[in-house]
Amino acid sequence: MKIVTWNINGVRARLGNLLHWLQESAPDIACLQEIKTVDEQFPRAEIEALGYHVETHGQKGFNGVAILSKLRFDEVNRGLPGDESDEQARFIEGVFSTDKGVLRVVSLYLPNGNPIDDDRKFPYKLSWMARLEAWATGRLALEEPLVLAGDYNVIPEPIDAKNPQNWLGDALFQPETRQAFRRLVNLGFTEAVRATTDAPGTYTFWDYQAGAWQKDNGIRIDHLLLSPEAANFFGSATIEKHVRAWEKPSDHVPVAVNLTVGAV
DNA sequence: ATGGTTGGTAGCCAA
């Protein structure tokens, strides 16, 4: 089973790319972030025509996440628990049945947090990460295969940036950010890309600005975290870097993981 | 060091 995360940066602006990619990459489950649309305007019919079930948690203009799946959804949960006043659409969980039992997959879009001296943005990021850790702690107690896929807006280590010194003042690379990410992983998750390779130059995002793609000035911020039960089925992770060279690309590329579970 | 680009929206903001 191939599970992929991709920050698509506007699903309506990227529909041609998305449809082409779905046919080329053929994910069983695709977790999208930054769909930037309300549910009613999500291009559901075109995606369903390729054989996918579609569940969205959209928002006007910003954010928004979705899960596309060849498997039927047994259950869908929208929104990260822990703050009833949080109206930003950044989290959706799908529950599926496989030949090895239940499988839970989350598509998450962790807050960017910039600028760090803003009185709301960075604290919101850190509180969201604390809520995610609390939620994940509860899910891990179920001892089920769980994949936490998404745009974490976290550069975990210096090796995950071409020019780490350029990110020292950025919310994505603050010590508190990196520590919160390590705390989450250390609950017992396997970070699929890092478990596959330690090679420098392993990036998932290249800014549109200043020729970042042409200079390979990238960062690795899209991650797939596997619960112990999911890691038992873990094969390898792949970054579909070539998608960044397409016409009208997203600034992120798809990141895939293969699990040795099948449809029922 | 600065400025550079894109999407959604109609506020320039968020990234």
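Order of the sequence lines fixes the chain letters, A, B, ..., with proteins taken first and strands second; residue numbering starts at 1 for each chain.
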Residue whose closest nucleotide on DNA chain B lies nearer the 5' end, A:Q209 versus A:N112: A:Q209

Among A:N9, A:T5, A:N153, A:N63, find the one that has a side-chain hydrogen bond (donor to acceptor under 3.5 Å, both in side chains) with A:Q33. A:T5

Give the nucleotide from the list B:dG3, B:dA14, B:dT5 with an atom nearest to the side chain of A:A210. B:dG3

Taking B:dT2 as the reference, what is the distance to B:dA15 when you measure between their P atoms (whole Å, please)? 23 Å

Find the distance A:R90:CZ to B:dA14:P and express it as a whole number of Å. 11 Å

Residues two or more places apart in sequence or in another chain: which of them pass ring pair (Phe, Tyr, Trp, His ring centres under 6.0 Å) with A:F91? A:W135

Would you kindly give the CG-to-C1' distance between A:L110 and B:dA15, to the nearest whole Å? 14 Å

Find the distance A:N153:CG to B:dA14:P and express it as a whole number of Å. 14 Å

Could you state the atom-to-atom distance from NZ of A:K215 to C1' of B:dG3 in whole Å? 10 Å

Strictly by ring-ring contact (aromatic ring centres under 6.0 Å, His included), give each pair with a member in residues 28-86 of chain A just once, sequence neighbours left out. A:F73-A:F96

Quick check on B:dG11: syn or anti? Syn means the glycosidic torsion is within 90 degrees of zero. syn

C1' atoms of B:dT9 and B:dA14, separation to the nearest Å: 12 Å

Euclidean distance, atom CD1 of residue A:I155 to atom C1' of B:dA15 [Å, nearest integer]: 13 Å

Within the sub-3.5 Å range, which N or O atoms of nucleotides 7-10 of chain B have a protein N or O partner, and how far apart are they?
residue : atom : partner : partner atom : Å
B:dG7   : OP1  : A:R14   : NH1          : 3.1
B:dG7   : OP1  : A:K248  : NZ           : 3.1
B:dT9   : OP1  : A:G61   : N            : 3.3
B:dT9   : OP2  : A:R12   : NH2          : 3.4

Looking at residues at least two apart in the chain, or sitting in another chain, which of them share a ring pair (Phe, Tyr, Trp, His ring centres under 6.0 Å) with A:H252? A:F205

Let me know the distance between CH2 of A:W206 and P of B:dT6, rounded to the nearest Å. 17 Å

Quick one: do A:D216 and A:K241 make a salt bridge, cutoff under 4.0 Å? yes

Roughly, in whole Å, what's the span from OH in A:Y124 to C1' in B:dA14? 13 Å

Taking only the P atom of each, what is the distance from B:dG7 to B:dG3 in whole angstrom? 23 Å

Among pairs that include at least one residue of residues 138-147 of chain A, which meet side-chain hydrogen bond (donor to acceptor under 3.5 Å, both in side chains), considering only residues two or more places apart or in two chains? A:E93-A:R139, A:R104-A:E144

Check every strand shown and say whether A:Y109 touches a base, only sugar-phosphate, or nothing at a heavy-atom separation below 4.0 Å. sugar-phosphate

Starting at CD of A:Q214 and ending at C1' of B:dG4, how long is that distance when rounded to a whole Å? 12 Å

Could you list all the salt bridge (Lys or Arg N to Asp or Glu O under 4.0 Å) pairs where at least one residue sits in residues 247-264 of chain A, not counting sequence neighbours? none

Say you pick atom C1' in B:dA1 and the same atom in B:dC12; how far apart are they, in whole Å? 24 Å

